[in-house]
2 protein chains.
Amino acid sequence: MISQKAKYALRAIMALAGTKEPVLIGDIAEQENIPKRFLEQILLDLKHQGLVMSRRGRIGGYFLVRPPEDITIGEVLRTIDGPLAPLPCLSKMAYRACDDCDDEATCRVKALFADVAEATRRALDQTTFADAIAKKHPLVRARR
Amino acid sequence: MISQKAKYALRAIMALAGTKEPVLIGDIAEQENIPKRFLEQILLDLKHQGLVMSRRGRIGGYFLVRPPEDITIGEVLRTIDGPLAPLPCLSKMAYRACDDCDDEATCRVKALFADVAEATRRALDQTTFADAIAKKHPLVRARR
DNA sequence: ACCATCTCGACCGATTTTGTCAAGTTATAT
DNA sequence: ATATAACTTGACAAAATCGGTCGAGATGGT
């Protein structure tokens, strides 16, 4: 399960996907029904990660750095929820040894999850926001 | 990331995979370095789910109901960590509407995750414990 | 210079995670 | 029979995470 925070982040990005003009935090919050002060944090995280940019002052707001078809779910989830691998030792982007693993080379848990981790990584890093917008209505799904 | 509890459960099952004789909780706990009282809870959950059975009294212990090659990671993870879909509305086994979703049919978040959910489900439900034991050493991995 | 807006860090209650413990109940070897 | 090793249940609790709030300040268009 993804976190509520991640869900907000995804919705915020989709709210920005329609326009090139900066959008106010307040407008995104209202449109997507997200607590404003919480959304501020989220957008800040996305900004630090380089997914969005902001302009200050009057007529300020947030906007996407790249077009929606170049942004993957994986990037957003990693930014908000942290590593997406099932085990720290299987994370490509944020490798970390498991606390209780003495010999990673022969760890059966790691072996068990190797293919799973690869499959989910591929899925997450291949799905872009263009896909979501394209198949807005499940009944008229478009194949990529 | 899977929980520590799930990791314990997986290791416990692998500890049972070698024999048909009942294995003592204490022995599993010691061998796999799992807190005993905690492991009791975990095994109980697995038992309620029908993955393992137990015998009481002297010469008691736990043992697998099915052979390792018929037990998938998905079953264990669902038992211990709950639904494995990224969104409640995408769970096949434990469907639940998202709290904040007014129209599921046009929900862009759901659309975004449709393929991801399917990919991870397939991976989790196709990987069995036989696979893990087979490729204990990553260097001599066997293809299924 | 103004002021809407973004930025930063601290804080906070509720829930989940990761266990621990006590008091039973059950089965079986002897 | 009965002692005993083992399973079962439920309550409890410290620590981490989640979901969100708040105050004060920095920034930049007009």
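Being a predicted model, the structure only gives us computed values, none of them experimental. Here is how names work: the chains are called A, B, and so on, in the same order as the sequence lines, proteins then strands, and each is numbered from 1.
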Participant: Please tell me which of the listed nucleotides, C:dT28, D:dG20, C:dC6, lies nearest to the side chain of A:Pro35?
Facilitator: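 Minimum distance to the A:Pro35 side chain belongs to D:dG20.
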Participant: With the side chain of A:Glu40 defined as its heavy atoms from C-beta on, choose the nearest nucleotide among C:dT18, D:dT9, C:dT7.
Facilitator: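 Of C:dT18, D:dT9, C:dT7, C:dT7 is nearest to the side chain of A:Glu40.
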Participant: Does B:Thr127 reach the main-chain N or O of B:Leu124 with its side chain, forming a donor-acceptor pair under 3.5 Å?
Facilitator: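 Side chain of B:Thr127 to backbone of B:Leu124, a donor-acceptor pair under 3.5 Å: no, none is there.
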Participant: A:His48 side chain N/O closer than 4.0 Å to the phosphate oxygens (OP1, OP2) of C:dC8?
Facilitator: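 Answer is yes, contact under 4.0 Å.
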Participant: To the nearest 0.5 angstrom, please state how far the CZ atom of B:Phe129 sits from the CE atom of B:Met14.
Facilitator: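 Spacing of CZ (B:Phe129) from CE (B:Met14) equals 6.0 Å.
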Participant: Look up atom CZ in A:Arg108 and atom CG in A:Asp103, then write down how far apart they are to the nearest 0.5 Å.
Facilitator: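 It comes to 11.5 Å.
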Participant: Heavy-atom nearest nucleotide on DNA chain C for B:Ile59 versus A:Gly26: which residue maps closer to 5'?
Facilitator: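 In this pair, the answer is A:Gly26.
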Participant: Can you check the B:Leu39 CG to C:dT20 P distance for me, whole Å?
Facilitator: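 Atom-to-atom, B:Leu39 to C:dT20, this comes out as 11 Å.
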Participant: Can you measure B:Leu46 atom CG to D:dT8 atom C1' for me and round it to whole angstrom units?
Facilitator: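 One finds 15 Å between C1' of D:dT8 and CG of B:Leu46, rounded.
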Participant: Quick one: is B:Tyr8 getting a side-chain N or O under 4.0 Å of the C:dG19 phosphate, OP1 or OP2?
Facilitator: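 Yes, such a contact exists.
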Participant: Output yes when A:Asp100 and B:Arg11 qualify as a salt bridge under the 4.0 Å nitrogen-oxygen rule, no when they do not.
Facilitator: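 A salt bridge is present here (some side-chain N lies under 4.0 Å from a carboxylate O).
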Participant: Check this for me, if you would: do A:Lys7 and B:Asp99 make a salt bridge, where the nitrogen-to-carboxylate-oxygen distance has to be below 4.0 angstrom?
Facilitator: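 Looking at A:Lys7 and B:Asp99, the cut-off is not met.
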Participant: For B:Asn33 and C:dG19, give me the distance from atom CG to atom P, rounded to whole Å.
Facilitator: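 Whole-Å distance recorded here is 11 Å.
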Participant: What is the distance, rounded to the nearest whole Å, between atom NZ of A:Lys5 and atom C1' of C:dT16?
Facilitator: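 Taking atom C1' of C:dT16 as the reference, NZ of A:Lys5 is at 17 Å.
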Participant: Hey, does A:Lys7 reach any base, or is it just sugar-phosphate, or nothing, if we go heavy atoms under 4.0 Å?
Facilitator: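 If one applies the 4.0 Å heavy-atom cut-off, A:Lys7 turns out to touch nothing in the nucleic acid.
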Participant: Could you check whether the side chain of B:Gln41 and the base of D:dT8 have a donor-acceptor pair of N or O atoms closer than 3.5 Å, going by distance alone?
Facilitator: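 No, the side chain and the base share no sub-3.5 Å donor-acceptor pair.
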Participant: Would you say the base of D:dG19 and the side-chain of A:Arg37 have a donor-acceptor pair closer than 3.5 Å?
Facilitator: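 Not at all, since no donor on one side and acceptor on the other fall under 3.5 Å apart.
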Participant: B:Ser54 side chain: which of D:dG19, C:dT18, D:dC7 is closest?
Facilitator: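 Nearest to the side chain of B:Ser54 among the choices is D:dC7.
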Participant: Which is more 5' along DNA chain D, the nucleotide nearest A:Ile2 or the one nearest A:Arg58? Just name the residue.
Facilitator: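 Result of the comparison: A:Ile2.
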Participant: Calculate the interatomic distance between B:Asp45 atom CG and D:dG10 atom P; express it in whole Å.
Facilitator: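 Taking atom P of D:dG10 as the reference, CG of B:Asp45 is at 12 Å.
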Participant: Starting at NZ of B:Lys47 and ending at P of D:dC7, how long is that distance when rounded to a whole Å?
Facilitator: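 Taking NZ of B:Lys47 and P of D:dC7, I get 9 Å after rounding.
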Participant: Under 4.0 Å, counting only non-hydrogen atoms across every strand here, what does A:Ile25 touch: a base, just sugar-phosphate, or nothing?
Facilitator: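 Counting heavy atoms under 4.0 Å across all strands, the contact made by A:Ile25 is with sugar-phosphate only.
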Participant: Nearest to the side chain of B:Phe38, heavy atoms from C-beta on, is which of D:dT21, C:dG19, D:dT30?
Facilitator: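 Selected nucleotide: C:dG19.
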Participant: Specify the separation, in whole Å, of atom CG of A:Leu44 and atom P of C:dT5.
Facilitator: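 From A:Leu44 CG to C:dT5 P: 17 Å.
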Participant: Name the nucleic acid region contacted by B:Leu43, choosing base, sugar-phosphate or nothing; use a 4.0 angstrom heavy-atom cut-off, strictly under.
Facilitator: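 Here B:Leu43 touches no strand at all.
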Participant: Between B:Asp81 and B:Arg55, name the one whose nearest nucleotide on DNA chain C is closer to the 5' end.
Facilitator: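 Whichever sits nearer the 5' end wins; that is B:Asp81.
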Participant: Base, sugar-phosphate, or nothing: which does A:Gly61 touch, judged by heavy atoms less than 4.0 Å apart?
Facilitator: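 A:Gly61: backbone/sugar contact only, no base atoms under 4.0 Å.
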Participant: Nearest 0.5 Å, what's the CG-CE distance between A:Leu84 and A:Met93?
Facilitator: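 Reported to 0.5 Å precision, the distance equals 9.0 Å.
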Participant: Measure the distance from NZ on B:Lys36 to C1' on C:dC21 and round it to the nearest whole Å.
Facilitator: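 Roughly 13 Å, once rounded to whole Å.
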